[in-house]
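Comments concern the structure below.
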Amino acid sequence: MQHFFRRMSLASAAVALALSAASASGATPLQPIENFTKRPVLSDVTLSPSGDRMAVITFNKEGRRMLAVMNLNPIGQIKVVGSFSDADVTSVAWVNDKRLVYEAFQDGPVIKEGGAGTFAVNADGSQERQLISWRHALDSTRSAIRSRVLPYGWFFRSAIDGDGEDVFVERTVKDNAGQIKQIELARLNTSTGELRSQSYGMPEGGSSWLMDSQQEPRVVSAFQAGRTKIHWRDSASASWKEIAEFDSYTGAGFRPMLVDSDGQLVVGAKHDGDTTAIYKFDPLTKRMSQDPQLKVNGFDLPNGAEIDSRTKRLLGWHFTADRPVSYWFDDRINAIQQSIDKALPVGRNNLLICGRCETSRFFVVKSRSDRQPGEYFLYDREKKSLERIGAERPWIDEATQATRSYHRVTTRDGLSMPVYLTHPVGSRPNTPLPTVVLVHGGPWVRGSDLNWDAEAQFLASRGYRVLQPEFRGSTGYGAKLFEASWKQWGLAMQNDLVDAVQWAVKQAWVDASKVCVSGGSYGGYASLMAPIATPGVFKCAASFAGVTDIDLMYSITWSDFSEEYKRFGMPVLVGDRAKDAQQLARTSPLKRVSEIKVPVLLGHGGLDRRVPVQHASEFFDAARSAGVDIERINYPDEGHGFFNPKNATDYYARLEKFFAKSLKSSN
């Protein structure tokens with residue numbers, strides 16, 4: 001297995017990898033666009049609960065993703081146990097130490113009838129069984145009772161580390177209007193197909209579940225009419241009782257994260273601070289602990305609990321500050337983390353992946369950085385050695401990749417705004433460069449961290465400094481930054497982009513005369529709004545799948561926005577369609593398209609249901625009538641993003657030409 005693994009001691013690992021990274025020198029050739037758009041050849045490396053087997057998703061010679069398994073104690077041959085000629089394996093989980101469950105999906109942004117499914121198979125390839133078929137009705141030529149294959153609407157939820165062969169599955173229940181009413185929980189036997197509901201007596205609208213150490217449902221969150229209700233039960237035989245209620249969209253209240261091995265409810269909440277920290281919550285007294293279990297200044301903590309799958313003890317917490325971090329409560333695993341961090345190159349963030357973490361001999365290590373998209377290693381606890389499994393993108397040479405840096409910028413109204421910069425290879429400090437501002441989608445998501453970023457690296461490879469502001473509304477950085485975005489589309493959210501540019505100009509990183517803006521979804525909206533709201537700052541604007549008219553977000557009935565979100569979420573976050581009509585019109589690029597005086601690149605997928613293509617069509621027609629210099633690209637087979645790497649490559653190539661025309665001219 002030398003083509004798949006490379007054995008090294010912890011002492012030699014850092015030296016070997018450092019020499020490899022330092023071997024490249026001299027001028028960097030222009031990297032092919034495909035380097036940044038191709039799918040990874042290796043992903044989802046994961047250990048069985050005992051750690052004696054490893055599963056991995058890799059590629060066959062036709063380019064299809066397939067599931068393979070390898071014995072580790074001792075190391076054996078890799079064996080393919082799941083593959084298709086017309087579909088890709090997309091995810092995998094261990095049911096127990098000998099059986100796996102995996103999902104497969106045919107290419108495309110639209111769910112095809114029968115084009116996806118969930119399967120179970122033993123680690124040796126035997127006893128394969130389809131569990132879920134993405135069909136609205138089962139095959140009429142055979143008995144659904146005999147086959148016990150669940151139809152579309154059922155989805156794999158999570159595995160259970162135990163002696164049995166059950167997994168948790170969920171069924172989405174919709175009302176007459178097609179809106180999600182609730183999500184029901186069940187246990188499914190992966191060998192027999194037997195289904196047992198766990199939802200008897202569940203509160204109305206329940207859709208998010210937490211299990212205790214015995215794998216019994218103990219917490220359910222219900223979402224209705226813009227409100228969240230948290231319900232708890234003391235035991236499997238007890239009735240559900242409400243323990244909290246709060247607004248669903250404002251960040252109020254708390255988020256249940258786990259029921260620990262002592263039966264205590266662990267939650268994420270702001271409590272007395274700006275950022276989300278980890279607390280204990282007593283369901284009986286309905287009180288939160290005064291002191292957090294874990295808190296990180298300046299960053300919210302998501303649900304990143306690392307729990308031993310057998311003992312159910314809370315061992316650590318994974319989260320992202322400026323980069324991914326693991327905090328271990330367990331001293332023994334913390335010592336392993338420190339030894340691996342010392343062995344691998346400086347600047348890497350190394351995620352330990354384990355099942356029964358307290359007793360497992362083997363760990364999988366996923367190692368990444370700003371210049372390394374991802375490498376996998378196998379750590380042997382007994383031998384204290386690392387074996388390199390492989391890289392997600394082996395064609396990427398770290399020496400050719402740009403470096404990234406993290407900063408905090410004060411906005412004009414006093415907010416602390418995180419900003420990420422990508423610096424082209426060979427660029428020097430205090431050297432202003434042509435710059436592309438990348439605006440993330442959402443907008444209420446986290447946009448960036450210091451890990452390798454495909455689009456930013458592509459643009460940097462073409463000589464641009466890349467500026468990625470975590471503008472107001474970006475999550476993960478506290479309540480103040482999030483709440484400052486309410487009803488600020490096209491207003492203060494646009495000012496944040498300009499503030500980031502002006503700060504970078506003062507640092508002598510950005511050439512103020514050569515800045516363009518680009519983004520997708522909300523980022524596409526902000527890019528189109530930028531030359532309207534802040535004329536003179538940006539020399540061009542590129543939008544993919546961008547919102548062009550806020551009112552269309554309310555009125556298009558074939559969008560996949562839920563009526564719940566339109567009725568209760570958008571009026572708070574974006575604006576009330578009636579009360580704020582004038583503001584929404586003033587901040588819609590379509591309504592003010594004639595004010596755009598810079599070149600525009602407009603891309604959209606014909607199958608987009610999040611932001612239907614009508615947004616692009618109406619904007620393009622209006623822009624042409626107004627004399628705007630605009631180029632439109634249609635991708636009829638794409639949805640809200642790129643599923644086909646060839647389309648992504650084509651779009652990047654067009655971006656390259658588009659930016660070069662505005663940013664690399666002699667003017």
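- In this structure, the separation between CZ on Phe362 and CZ on Arg53 is 12.5 Å, given to the nearest 0.5 Å.
- Residue Lys480 qualifies as open at atom NZ: its count of foreign heavy atoms under 6.0 Å is 12 or below.
- Proximity of a side-chain donor or acceptor of Arg368 to a complementary backbone N or O of Pro373 within less than 3.5 Å is not detected.
- Ser289 places a side-chain N or O within donor-acceptor distance of the main-chain N or O of Asp291, the cut-off being under 3.5 Å.
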Could you give me the CA-CA distance, side-chain angles and deciding distance for Arg348 and Asp341, then say whether salt bridge (charged side-chain N to carboxylate O under 4.0 Å, His left out) is met? CA-CA 7 Å; Arg348 294 283 188 96; Asp341 289 345; over 6 Å; no

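- Closest approach of Phe36 and Ala454 over heavy atoms only: O-CB, 3.5 Å.
- Side chain of Glu470 to backbone of Gly447: a donor-acceptor contact under 3.5 angstrom is found.
- For the pair Arg287 (side chain) and Asp282 (backbone), a donor-acceptor distance under 3.5 Å is absent.
- Judged by distance alone, the side chain of Ser199 and the main-chain N or O of Glu184 form no donor-acceptor pair under 3.5 Å.
- Side-chain contact of His440 with Ser448: a donor-acceptor pair under 3.5 Å is absent, judged by distance alone.
- No donor-acceptor distance shorter than 3.5 angstrom exists from the side chain of Asp262 to the backbone of Gln264, with no hydrogens or angles considered.
- For the pair Arg446 (side chain) and Thr320 (backbone), a donor-acceptor distance under 3.5 Å is present.
- The shortest heavy-atom contact between Pro324 and Asn349 is O-CB, 3.5 Å.
- With no hydrogens or angles considered, a side-chain donor-acceptor pair links Glu392 and Tyr376 at under 3.5 Å.
- Within the 3.5 Å criterion, the main-chain N or O of Asp370 finds a donor-acceptor partner in the side chain of Gln457.
- Aromatic pair Phe246/Phe254: centroids less than 6.0 angstrom apart.
- Between Asp453 and Val466 there is no side-chain heavy-atom pair separated by less than 4.5 Å.
- In summary, the side chains of Thr228 and Ser248 do present a donor paired with an acceptor at a separation below 3.5 Å, with no hydrogens or angles considered.
- Put simply, the side chain of Asn350 never gets that close to the backbone of Ser367: no donor and acceptor are under 3.5 Å apart.
- If you take CG on Asp308 and CG on Asp330, they are separated by 9.0 Å, rounding to the nearest 0.5 Å.
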Test side-chain hydrogen bond (donor to acceptor under 3.5 Å, both in side chains) on Asp97 and Ser50; report intermediate values, then the result. CA-CA 6 Å; Asp97 212 46; Ser50 70; 2.7 Å; yes

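- Atom CH2 of Trp486 and atom CH2 of Trp444 lie 10.5 Å apart (nearest 0.5 Å).
- Note on ring orientation: taking the six-membered ring where Trp is involved, the planes of Tyr102 and Phe119 are parallel (angle under 30°, cut-offs 30° and 60°).
- Within the cation-pi definition used here (under 6.0 Å to the ring centroid, within 45° of the axis), Arg255 does not qualify as a partner of Phe281.
- Side-chain contact of Glu103 with Ser91: a donor-acceptor pair under 3.5 Å is present, judged by distance alone.
- Residues Lys270 and Ala479 come closest through the heavy atom pair CE-CB, 3.1 Å.
- For the residue pair Glu306 / Ser326, no side-chain donor-acceptor distance below 3.5 Å is found, with atom types taken as modelled.
- Within the 4.5 Å cutoff, the side chain of Trp232 has no heavy atoms near those of the Glu242 side chain.
- The backbone N or O of Gly263 sits nowhere less than 3.5 Å from a side-chain atom of Asp212 that would complete a donor-acceptor pair.
- With no hydrogens or angles considered, a side-chain donor-acceptor pair links Gln468 and Arg404 at under 3.5 Å.
- No hydrogens or angles considered: a donor-acceptor pair under 3.5 Å links the side chains of Thr190 and Arg99.
- A side-chain contact (heavy atoms from CB on, under 4.5 Å) with Val81 is found for exactly one of Asp124, Val92, Val69, namely Val69.
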